[in-house]
Amino acid sequence: MTFAAVDRQADFVLRTIEERDIRFVRLWFTDVLGFLKSVAVAPAELEAAFTEGIGFDGSAIEGFARVTESDMLVKPDPSTFQVLPWSNEGPGVARMFSDILMPDGSPSYADPRWVLRRTMARAAELGFTFYIHPEIEFYLFEGLPSETAVPVPVDHAGYFDQSPVGPGHDFRRQAILMLESMGISVEFSHHEAGPGQQEIDLRYADALSTADNIMTFRLIVKEVALRHGVRATFMPKPLTDHPGSGMHSHLSLFEGDRNAFYEPGAEFQLSEVARCFIAGLLQHAPEITAVTNQWVNSYKRLTSGAEAPAYACWGHNNRSALVRIPMYKPGKAPSTRVEYRALDAAANPYLAYAVLLAAGLRGIEGRYELPPGADDDVWSLTSVERAALGLAPLPASLAEAVAVMERSELVAETLGEHVFDFFLRNKQAEWQDYSRQVTRWERERYLPVL
């Protein structure tokens, strides 16, 4: 984007704030782990924020900086300006996503948004724009139970059920209206397979816009849940005996207006670019899993079956595969895409989409050969059959995933030294803390007999 375009957008924001009597503007960004951060500024301070940024203590933000290099700037991106839909209950409030800068104005090495921007710039050098369409799953539970209580779903409906009982239907309607009021288009919504589980699918957009939209989506879903007196969670596996919540992401590369994944007459209409991209995803899947599935709880979902992938394979319309090729729609070349199914709903979208893009690009640049697809339900195969087909397992725990990531040149290069090092140390500490816990399951199983 040119400086002139940014200036025009900034002028539009300043006019809109005055015309709509916006009293507070929240500048949003995320820490390395993907938690949303915010600082509110008065409209009078915005012009300086657009040109110079606003200083803050980076050492207080998870993974941003050491105390000795704590001075940082937050600079709003005027293209992301939106009025918050619940601000009509009081003085007007708007938000903008922001970039984190060093004191000299250079991009911060710790900003997840910059990590994704940098990877997208690498794709642009090869002539590609990266687009994503996410399917976001989450659960609704009654009230606000204690963290140790077993959560109670708001309903006992199932996949695609149209149930008049429970708040799910009205919840989705209100959440979608809020999303669309902020310029975030929704394609589908429905009840998912688990009790109280919902899915809302966002329309495809470029990767940076999609990551911004996901962060907005999470906040809106939790805001609407509070208004309904229920609790929304993106925890990957909140219930032992029910499906986890994934964020299946449909990926595609475009060269200008042309879908680089589409080739008429090829198998599944997949171009050589698409096949190499998929091969890159498969080969590097184990080493990027710590980023796409970054929590201890993430692996309870991946190892439980229920359409959650545990092996690096691909297939046409095979929902047990890590990479699925959706059915081609005749006459709709732009819709040719690949679906990556491991990603869960609690990942940092900026870092997750950066490593997915990097893995795919590595496959294209290295002209990786795509292995045969998996036609069978991978979960129904025996370990011997999986080995015969050459299906490599994904890491089965956060500890395994971090150990593989630690040796990955691809992930280190994509995240940058600072983010890579902090992420590793944080995840190693998380696993160590988890490993020392004595769980309810252990007490119930062993106390009566040992």
Side-chain angles (χ1 to χ4, degrees), residues 1-31 34-58 60-61 72-101 105 107-108 111-114 117 171 173-186 200 202-203 205-206 208-228 232 349-350:
M1 186 180 297
T2 65
F3 289 113
V6 173
D7 288 343
R8 286 195 300 272
Q9 289 172 337
D11 289 341
F12 169 78
V13 169
L14 295 172
R15 288 197 309 272
T16 303
I17 286 173
E18 184 175 357
E19 292 168 359
R20 299 187 63 172
D21 193 28
I22 302 298
R23 302 291 183 87
F24 303 95
V25 181
R26 293 178 182 164
L27 307 185
W28 287 2
F29 59 96
T30 69
D31 63 19
F35 291 110
L36 188 63
K37 303 294 180 178
S38 173
V39 58
V41 299
E45 303 299 320
L46 265 188
E47 190 165 358
F50 282 134
T51 56
E52 302 171 7
I54 295 175
F56 73 103
D57 179 6
I61 303 298
M72 288 183 150
L73 300 170
V74 56
K75 189 172 184 181
D77 179 348
S79 69
T80 66
F81 175 83
Q82 288 288 346
V83 177
L84 295 177
W86 54 87
S87 64
N88 56 6
E89 300 170 0
V93 181
R95 74 93 163 100
M96 281 181 282
F97 280 96
S98 303
D99 296 311
I100 306 303
L101 307 178
S108 167
D111 182 8
R113 209 166 182 260
W114 170 245
R117 277 187 188 275
F171 173 93
R173 180 182 64 82
Q174 289 193 24
I176 290 168
L177 290 175
M178 278 198 179
L179 287 165
E180 291 184 338
S181 75
M182 295 188 70
I184 299 174
S185 298
V186 172
I200 298 178
L202 305 185
R203 183 173 174 78
D206 68 90
L208 186 65
S209 297
T210 297
D212 288 344
N213 289 345
I214 289 169
M215 297 306 302
T216 305
F217 177 95
R218 289 175 180 168
L219 185 65
I220 283 180
V221 163
K222 293 194 173 187
E223 177 74 24
V224 175
L226 287 173
R227 292 175 178 229
H228 279 78
Y350 301 101

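Just so you know, these numbers use all the heavy atoms, side chains as well, and skip hydrogens, waters and symmetry mates.
Taking each heavy atom of L73 and E52 in turn, the nearest pair found is CD1-O, 3.5 Å. Here the closest non-hydrogen pair linking Q82 and S181 is OE1-O, 3.9 Å. Looking at every heavy atom in both residues, K222 comes nearest to A232 through CE-O, 3.7 Å. Minimum interatomic distance between M215 and G34 (heavy atoms only, all atoms of both residues): CE-O, 3.2 Å. Among all heavy-atom pairs drawn from M96 and P78, the shortest one is SD-CA, 3.8 Å. V224 and A175 make their closest contact through CG2-CA, 4.0 Å (heavy atoms, listed as atom of the first residue, atom of the second, distance).
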In residues 40-51, what donor-acceptor pairs under 3.5 Å come from side-chain atoms, sequence neighbours left out?
from : atom 1 : to  : atom 2 : distance (Å)
T51  : OG1    : E47 : O      : 3.3
T51  : OG1    : A48 : O      : 3.2

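Residues meeting the ring-ring contact (aromatic ring centres under 6.0 Å, His included) test with F12, sequence neighbours left out: none.
Exactly one of D212, V39, L219, T80 qualifies for a side chain to side chain contact (heavy atoms under 4.5 Å, CB included) with W28. That residue is L219.
Note that CD1 of I100 and OG of S108 are 7.0 Å apart. Values are rounded to the nearest 0.5 Å. For the atom pair M178 CE and R173 CZ, the distance stands at 11.0 Å (nearest 0.5 Å).
Judged by distance alone, the side chains of S209 and D206 do bring a donor and an acceptor atom under 3.5 Å apart.
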- Begin from the C-alpha positions of K75 and D99 and carry the test salt bridge (Lys or Arg N to Asp or Glu O under 4.0 Å) through to its verdict. CA-CA 5 Å; K75 189 172 184 181; D99 296 311; over 6 Å; no

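R117 CZ: more than 12 foreign heavy atoms inside a 6.0 Å radius.
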